[in-house]
Structure formats: C-alpha cells, structure tokens
**Q** 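One structure is given below, represented as structure tokens, and several questions about it will come after.
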Number of protein chains: 2
Amino acid sequence: MSELNPIHILLVDDHFIVRSGLVASLELEDDLRIVAEAECGEEVASLYQTHNPDLVLMDLQLPGINGIETTASLSREFTAAKVLMFSTFARDDEINAALEAGALGYLQKSAERDELVTAIRAVATGNIYLADDLAERLRDLRSGPNITTREREILALIARGKANKEIAEALGIAEDTVKRHASNVFQKFGVNDRAGATSEAIRRGIVKIEP
Amino acid sequence: MSELNPIHILLVDDHFIVRSGLVASLELEDDLRIVAEAECGEEVASLYQTHNPDLVLMDLQLPGINGIETTASLSREFTAAKVLMFSTFARDDEINAALEAGALGYLQKSAERDELVTAIRAVATGNIYLADDLAERLRDLRSGPNITTREREILALIARGKANKEIAEALGIAEDTVKRHASNVFQKFGVNDRAGATSEAIRRGIVKIEP
DNA sequence: CACGGACTCCCCCAAAAGAGGGGGGCAGAG
DNA sequence: CTCTGCCCCCCTCTTTTGGGGGAGTCCGTG
C-alpha cells in the first residue's frame, strides 16, 4: 500500500502494445512496480525465480504454451505465486480453467483502469478477484451440464465432420456406443443434431477451431 | 515525415490499455501525433470532423457498432478518410470486410512496434498496407469458394441445428431446394456433412456464434 | 441476344442418424 | 456394500441426410 512496500509485478504478454500500455498505466500508481516482462510462457519461470514478484499479470492468449498452462506449471513450481489472468474475452471455460490452473483472478482487457488496479491489489494480497458478472457466469457453468472426456472426444470428431462409423474406428469402439455418447451430448446441450452440437461445442470452447 | 508536418491520428479503441499503450509507443515518433481518442464507433464521425486527422487507427472489435461498420460509414461520409484497421486476429473474412468497408490497411495487435509505425506511415500517405502473410491469405480467400447469400442463410440455420424441413418452412421454399443448397455448400467447403460445414462456417466467420 | 450463375423444384435411393429398448462392467463416494 | 456415473455393447425403429439425375425461371454481363 505504501511506497515502502510496493507490489512487484511480473508482466506476461506477447503484445508489446499491451505491455507498454500496462507499464504506462500502472506506473502512475506508486505502490505498483513492474519488475519484469515476459513475452511468452517459456520465460516466466526463470523470471519469477530471479525477481520473486508479488503478482504475475498474465495474458491468457500467448504463443506456444498459453497462459493457462503457464499458470499451471508456475503454480506447481512456486506454490506461493499469485497470478491475475488477463484476457480479451470472458469465456466461461477459460475462466474456469484459469482458476483451476491456480490463477487468483480473471480480468477482461476491456476492464477500466480502476478495476485493473483494484484487481491487482486484491490478488497481490492473496484475495480472489472476479468481476460480478463473471462470477455469475461461472456459477452457471459449474452448475451446468458437464461433458465427460469421452464425450469431448466424440464431440471433437463430430465437429470435424466425421461420421459415427469413422469415429468408432478411430476410437476403437462400436458405432452404437458412439451414437449413445452423441445422444447423451445432444441431450446435455439441448440440441438435436450434430450441427447444433458443433455450434454449442465451439461456443463453449469445448472444441477448438483452427485451420 | 518531419515535425513540421506530423501525421495526425484519431485512435479508436474501447480498451484503455490498448489506447494508452498506443499513445505511449507512438508519441516516441516525432512525426506521429495522436490528436483524439474514441472509445466507440458512435464517437468517431464527430471527432473526425473536428480534428480532421490524417489517419484513423481503428480497433475492429468495438462494442455496439464494430470497426467495420464504423469504417464503412466513415468512408461514406468522409471519402478521404484513411483507416488502418487494428485487430487481435487475422481472420480472412474480417480482413476482406475491412478492406471492402474502406480501410487501407489491416494490422494484427501482435505486430511489433516497427510494423505498426510502418503501417501508419504507409496508410497515412494513402498507400495500402497488408502484412505479407495476410495478403497471401486474402488472395486465397478471393480465389476460394464464394458462398451465395442464400447459402449463407441455409448455413446459418444448419449451424443452429435446424433440419432441412424446418429450414424449408422458415424460408418458404421446398425441402429439396434446401438440400440442393446444402449439398452445394458441402462441395464448396470440401466437407460431407452438416457438422463439418458448421465448423467451417464458424471458422470462416460466415456464421457468428453468440449466447 | 446468348451465356453463366443463382435459385428453384421434381424424382429416386442408399446410407446414415437419432431415438427407443435392453444389458453389463468398473470405478469412486457415501 | 450399495449407489451413481462413466463407459461399453446389442437390438429395432423411423426419420433424415446426402448424392445422383434432370429441368425450369430470372437476372446481369459480355
């Protein structure tokens, strides 16, 4: 809280624009000090060790190992690490994954400066920070239907246009079983065909889409 | 190029972090001057009129009217407006839409500072700026399969899990016609079922996904 | 005007999908 | 130990899908 004991921050973001924006904004607060910057997840561990920051402000979208994985491995290595995740989006599954990986807070990049500073101070002192609306959505997610790992696998293949028979062969199970899983997913999603399930899966971030 | 004739920039971005980052970075260049900032598309027109900037640096993702629509209406009103679109992603369809809306350049936020400055100078003097890889992808897109409006409509309904019969009723056409359109789309996409088509459509940005 | 593209509809048909109904095994939690 | 959730398999059934053929209109461009 005072200049005598500033919050040391390790910044992790691959966009220089964002880094310079954060540096410019945060250095206006005399209790915040950015002591190191990383451009990718790979650099984080060693920078953490040398600078021992009070808080890691981490972008979720990072090239290579992403913010979630970085957070997870950082938390494993340094259990005291306090991570505030910082993302362009507020996707339910990402928030969930970030918190499970050990992040203490999740903030959208659209957040105002005040909120950012509040979140930093909260997380640096070991509190959990989540904006109201995010907290609400997270509750919905946790109470919502949970898709099993097997169902995820089938879903991923369905979204890639695979037929039940192909999926069965790929997974080494009977086609009937694939249909069974698919039906269960449809029910959980409240849809009634694979196209609808595909949309849902992509929307919920269960299935990633890439070229 | 000189301090006597700096490039006046209107910045449009809803994220204060990005704005302050850009201000911090660009003011290091003495031929660049940010003369105004807008947080949303609605503010752009009047700010443009009062400041008459040489360049508008516009974020594509804006709340309310997005960067593309804003660019389109700005270009209509002020034909001399030079817009450099600035986006987190490099989605083919967005690049295409941005250029069609009248933007002279498209830059990813992951761009380095050098590239940003280069792009700004290029666009401010009326040139078109597109990174190599983006230009290449754009060519692919233009030469690639073009989906007709009717096909888009059908695609959107397919992605929402509608059956052919439902789509036919919704559009007031025969189910056979829906199937015909669907088949054509499958062929154009190189997929063989509606789930695959849904993925493709979402990936290409033809179908939007929202809660 | 002729041509191509978009849109429309018709027919047929094999294959797949989706919704039921069974049942069994195996883990972890209570 | 029982119960629950996940995973697996088999069956039947109806509906949907997707591919093939052919064929008409309308519209804009060359």
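Small disclaimer: the values here were computed from a predicted structure and weren't measured. Letters A, B, ... mirror the listed sequences (proteins, then strands); counts begin at 1.
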**Q** Between D:dC9, C:dA17, D:dT17, which one does the side chain of A:A174 approach most closely?
**A** D:dC9
**Q** Distance criterion of 3.5 Å, no angle test: do you see the side chain of B:R180 paired donor-to-acceptor with the base of D:dG21?
**A** yes
**Q** Can you give me the closest heavy-atom contact between B:N66 and B:L60, atom names plus distance?
**A** CB-O, 3.7 Å
**Q** If you compare every side-chain N and O of A:R194 against the phosphate oxygens of D:dT16 (OP1, OP2), does one of them come in below 4.0 Å?
**A**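 Checking D:dT16 against A:R194, no side-chain N or O comes under 4.0 Å of OP1 or OP2.
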**Q** If the threshold is 4.0 Å, N to carboxylate O, is there a salt bridge linking B:D31 and B:R121?
**A**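 Answer for the salt bridge query: yes.
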**Q** Taking for each residue the nucleotide of DNA chain C bearing the nearest heavy atom, is the 5' side occupied by B:D193 or by B:D176?
**A**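 Result: B:D176.
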**Q** What I want to check is whether the side chains of B:Q108 and B:T88 have a donor and an acceptor closer together than 3.5 Å.
**A**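 No.
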**Q** Within the 4.5 Å heavy-atom criterion, are B:T198 and A:S199 side-chain neighbours or not?
**A** yes
**Q** What's the CG-P distance between A:N192 and C:dA19, to the nearest Å?
**A** 7 Å
**Q** Counting side-chain heavy atoms from CB outward, which of D:dT16, C:dT8, C:dG18 is closest to B:R150?
**A** C:dT8
**Q** Once side chain to side chain donor-acceptor pair (under 3.5 Å) is applied, do any residues pair with A:R150, and if so which ones, sequence neighbours excluded?
**A** A:E153
**Q** With a 4.0 Å cut-off on heavy atoms, is B:T148 in touch with a base, just the backbone sugar-phosphate, or nothing at all?
**A**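 Touches sugar-phosphate only.
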**Q** Write down the distance between CD (A:E166) and P (C:dA15), rounded to a whole number of angstrom.
**A**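 Those two atoms, CD and P, are 15 Å apart.
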**Q** Using whole Å, report how far CD of B:E151 lies from C1' of C:dG5.
**A**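 Those two atoms, CD and C1', are 11 Å apart.
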**Q** Has A:N164 got a side-chain N or O lying under 4.0 Å from the OP1 or OP2 atom of C:dA17?
**A**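 Yes, A:N164 has a side-chain N/O under 4.0 Å of OP1/OP2 on C:dA17.
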**Q** Would you indicate, yes or no, if C:dC7 has its OP1 or OP2 atom less than 4.0 angstrom from a side-chain nitrogen or oxygen of B:T177?
**A**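 For C:dC7, OP1/OP2 do not have a side-chain N/O of B:T177 under 4.0 Å.
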**Q** Quick check: on DNA chain D, is the nucleotide nearest B:I158 upstream (toward 5') of the one nearest A:G172, or the reverse? Name the residue that is more 5'.
**A** A:G172
**Q** Starting at atom CG of B:N184, determine the distance to atom P of C:dT8, rounded to an integer number of angstrom.
**A** 11 Å
**Q** What is the distance from CZ of A:F186 to P of C:dA16, rounded to the nearest Å?
**A**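 The distance from CZ of A:F186 to P of C:dA16 comes to 16 Å, rounded to the nearest Å.
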**Q** With a cut-off of less than 4.0 Å, is there a side-chain N or O of B:S183 near OP1 or OP2 of D:dG18?
**A** no
**Q** Rounded to the nearest angstrom, tell me the gap between atom CD1 in A:I167 and atom P in D:dC8.
**A**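 To the nearest whole Å, that distance equals 13 Å.
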**Q** Looking at C:dA17, C:dC7, C:dG18, which one has an atom nearest to any side-chain atom of B:T149?
**A** C:dC7
**Q** CZ of B:F189 versus P of D:dG18: gap in Å, rounded?
**A**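 That distance rounds to 14 Å.
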**Q** How many whole angstroms separate atom CD of B:E175 from atom C1' of C:dT8?
**A**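 Computing the B:E175:CD to C:dT8:C1' distance gives 14 Å.
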**Q** At less than 4.0 Å, is any side-chain N or O atom of B:K179 found next to OP1 or OP2 of D:dG19? Yes or no.
**A** no
